[in-house]
Amino acid sequence: MSGRYRVVVAGVGKRGMHHALAFQANPRFEVVGVCDIDQSRAEAAAAKLGAPVKGTDARQVAGAARPDVFCFCTMPTVRSELIQAGIESGARLIAFEKPVAINSIEGFKVKQLLDSSGVKAVISHQHRYGEHYQKVKEIVSSGALGRVHTVYGTSTGWMMHMLSHLVDYTRWYNGEAEAEWVMAQAAGRGKFTDAHPSPDYLAAFIQFANGVRGVIECGAGAPDVPEVDYWWRKCRIGAQGTEGFAEILTGGGWRAVTKSGVSSGGGCMNYDLDMPPYIQQMADWLDDESKPHPCRFESAWKGFEVMMAISRSVAFGGQIAVPLDGPADELDLLKQKVPDRKVLLSMAANAKEYL
Ligand SMILES: NC(=O)c1ccc[n+]([C@@H]2O[C@H](COP(=O)([O-])OP(=O)(O)OC[C@H]3O[C@@H](n4cnc5c(N)ncnc54)[C@H](O)[C@@H]3O)[C@@H](O)[C@H]2O)c1
């Protein structure tokens, strides 16, 4: 198809506007409708984008605009009802924000809706388009690390914000291998009342089917990345092998040590640079079945199962097998289990978030 795909964006806060502007800037898309439960936001976005359809009810806006792509960027608690709205509108692709859901009851609902409708879906794990993320992928894939035995990711930001990203990119560096089991611990209850409800600190091991070990830390106790000033970008994600390692710092480039020596380069997470290729690959997939989007739901679901297995391990203790054996309310299980003791910090800069 050479025409423009029609797009509706629901939830036009920070990420919704990032998406809407990136769709509008791409000649393969036109934003024909916007929606937000906050009417003034919907009106401001419609005026800015020149979108003819606007409103506060996603189902109505999508029904009137009949999009090819239904995109929504709401808080993590709002998922399946908007998937349903997208499917009913006749959209061929639904693009939505991470995490897939806050528990697997909702996650399985989303999966069932998508599987039974056959509608394509894409989840916004767009950091991977950063030049530093791409460079590390290139080094890992080249074989320069020898046999990869460990992939790892840490972030100072908390679970519902960051775990989805950490698991997605470590899985990517590990060739998207299936996970077999996880084991985890968590501490601190402060962020359970946040809009991204989470324990304050979480640490996990992942056993992948190809024998690679995943190590993840997320939140108040995760190690500092002193090379990076911007708090949200204090993330370190990489791979170690028999002949070296390669890693990114989300806000501070990449570095590697391999048999051929020490190397490093730039790159910093940047929405303006990461969104255009993420959006373009939606057009590529809609145009051509043989070009599935790298951030497609099928892949994100595997990461989501790991996230939920991590939560179950905290709640029940011991190892949890993946794939999940059915739905549960993992967030509620975490709330019941995480002890009522103040989280211990890994650095003073965390005190502003983890009071
Ligand atoms: N991929 C990334 O790099 C990244 C970065 C930040 C946030 N996020 C994710 O993006 C999502 C949104 O975060 P944000 O920072 O844009 O939040 P935000 O609060 O700025 O925007 C959310 C918007 O959704 C609207 N909304 C809520 N329910 C709605 C509904 N039923 N119908 C229509 N609109 C509705 C709200 O009124 C608000 O305007 C979250 O899931 C968050 O985790 C992803």
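Both ligands and their constituent atoms are indexed starting at 1 by order of listing. Along the sequence shown, residues are numbered consecutively beginning with 1.
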**Prompt:** Hey, is ligand 1 close enough to Asp38 that some N/O pair sits below 3.5 Å?
**Reply:** no

**Asked** Any side-chain donor paired with an acceptor under 3.5 Å for Arg213 and Gln207?
**Response** yes

**Item:** Atom indices of ligand 1 within 4.0 angstrom of His165 heavy atoms, with elements
**Value:** 1 (N), 2 (C), 3 (O)

**Nearest-contact summary for atom 10 (O) of ligand 1 - protein heavy atom, Å** = Glu97 CG, 3.0 Å

**Prompt:** Would you say His125 touches ligand 1, if touching means a heavy atom closer than 4.0 Å?
**Reply:** no

**Message:** If I take atom OG from residue Ser89 and atom CZ from residue Arg66, how far apart are they, to the nearest 0.5 angstrom?
**Reply:** 6.5 Å

**Item:** Residues Tyr129 and Gln281: side-chain donor-acceptor under 3.5 angstrom
**Value:** yes

**Item:** His127 neighbourhood, listing ligand 1 atoms whose heavy-atom distance to it stays under 4.0 Å
**Value:** 3 (O)

**Asked** Please state which protein non-hydrogen atom is closest to atom 36 (C) of ligand 1 and give its distance, to 0.1 Å?
**Response** Asp36 OD1, 3.4 Å

**Prompt:** Of all the non-hydrogen atoms in the protein, which one sits nearest to atom 15 (O) of ligand 1, and at what distance?
**Reply:** Lys14 CB, 3.8 Å

**Request:** May I ask whether Arg79 places a heavy atom under 4.0 Å from ligand 1?
**Result:** yes

**Asked** Considering residues, nucleotides and ligands other than Gln39, do more than 12 of their heavy atoms fall under 6.0 Å from its CD?
**Response** no

**Prompt:** Can a donor-acceptor pair be found between the side chains of Asn210 and Asn174 at a distance below 3.5 Å?
**Reply:** yes

**Item:** Minimum-distance protein heavy atom relative to atom 24 (O) of ligand 1
**Value:** Gly11 CA, 3.4 Å

**Request:** Report yes if some N/O of Thr74 lies less than 3.5 Å from some N/O of ligand 1; otherwise report no.
**Result:** yes

**Request:** For Tyr271 and ligand 1, answer yes if some heavy atom of the residue is under 4.0 Å from a ligand atom, otherwise no.
**Result:** yes

**Message:** Would Thr56 count as being in polar contact with ligand 1, using the rule that some N or O on each side must be under 3.5 angstrom apart?
**Reply:** no

**Complete:** atom 38 (C) of ligand 1: closest protein heavy atom, distance to 0.1 Å, is Arg41 NH1, 3.2 Å

**Asked** Is the closest heavy atom of Met269 to ligand 1 under 4.0 Å?
**Response** no

**Item:** Any N/O pair Arg15/ligand 1 closer than 3.5 Å
**Value:** yes

**Message:** Is the contact between Cys73 and ligand 1 made by the side chain, the backbone, both, or neither, using heavy atoms and a 4.0 Å cut-off?
**Reply:** backbone

**Request:** Using a strict cut-off of 4.0 Å, indicate which atoms of ligand 1 neighbour a heavy atom of Gly13.
**Result:** 20 (O), 21 (O), 23 (C), 39 (O)

**Prompt:** Taking atom 27 (C) of ligand 1 as the point of reference, which of Val12, Asp57, Ile37 owns the nearest heavy atom?
**Reply:** Ile37

**Where Asp274 and His127 come nearest, the two heavy atoms and their spacing** = OD2-CA, 3.9 Å

**Asked** Are Glu138 and Gln134 close enough that a side-chain donor and a side-chain acceptor fall under 3.5 Å?
**Response** no

**Prompt:** Heavy-atom count around Lys352 NZ within 6.0 Å, excluding the residue itself: above 12?
**Reply:** yes

**Message:** Under a plain distance cut-off of 3.5 Å, with no hydrogens placed, do His18 and Arg15 share a side-chain donor-acceptor pair?
**Reply:** yes

**Request:** Pick out which of Leu93, Asn26, Asp287 makes a side-chain contact (heavy atoms from CB on, under 4.5 Å) with Tyr5.
**Result:** Asp287

**Message:** Regarding Ser164 and His125, do their side chains bring together a donor and an acceptor under 3.5 Å, going by distance alone?
**Reply:** yes

**Prompt:** Numbering the atoms of ligand 1 from 1, which are under 4.0 Å from a heavy atom of Ser124?
**Reply:** 1 (N)

**Complete:** The option among His161, Met17, Gln126 carrying the non-hydrogen atom nearest to atom 3 (O) of ligand 1 is Gln126

**Message:** If you apply the rule side-chain contact (heavy atoms from CB on, under 4.5 Å), what do you find for Val212 with Val151, and how did you get there?
**Reply:** CA-CA 7 Å; Val212 171; Val151 290; 4.1 Å; yes

**Residue, atom name and distance, where the atom is the protein heavy atom closest to atom 17 (O) of ligand 1** = Met75 SD, 3.3 Å

**Request:** Give a yes or no on whether Glu298 atom CD has more than 12 heavy-atom contacts from other residues, nucleotides or ligands under 6.0 Å away.
**Result:** no

**Prompt:** When you measure from atom 42 (C) of ligand 1 to every protein heavy atom, which one gives the shortest distance, and what is it?
**Reply:** His196 NE2, 3.2 Å

**Asked** Does a sphere of radius 6.0 Å around OH in Tyr271 hold more than 12 heavy atoms from other residues, nucleotides or ligands, not counting ones at 6.0 Å or beyond?
**Response** yes

**Prompt:** Of the protein's non-hydrogen atoms, which lies at the shortest distance from atom 31 (N) of ligand 1, and what is that distance?
**Reply:** Val78 CG1, 3.9 Å

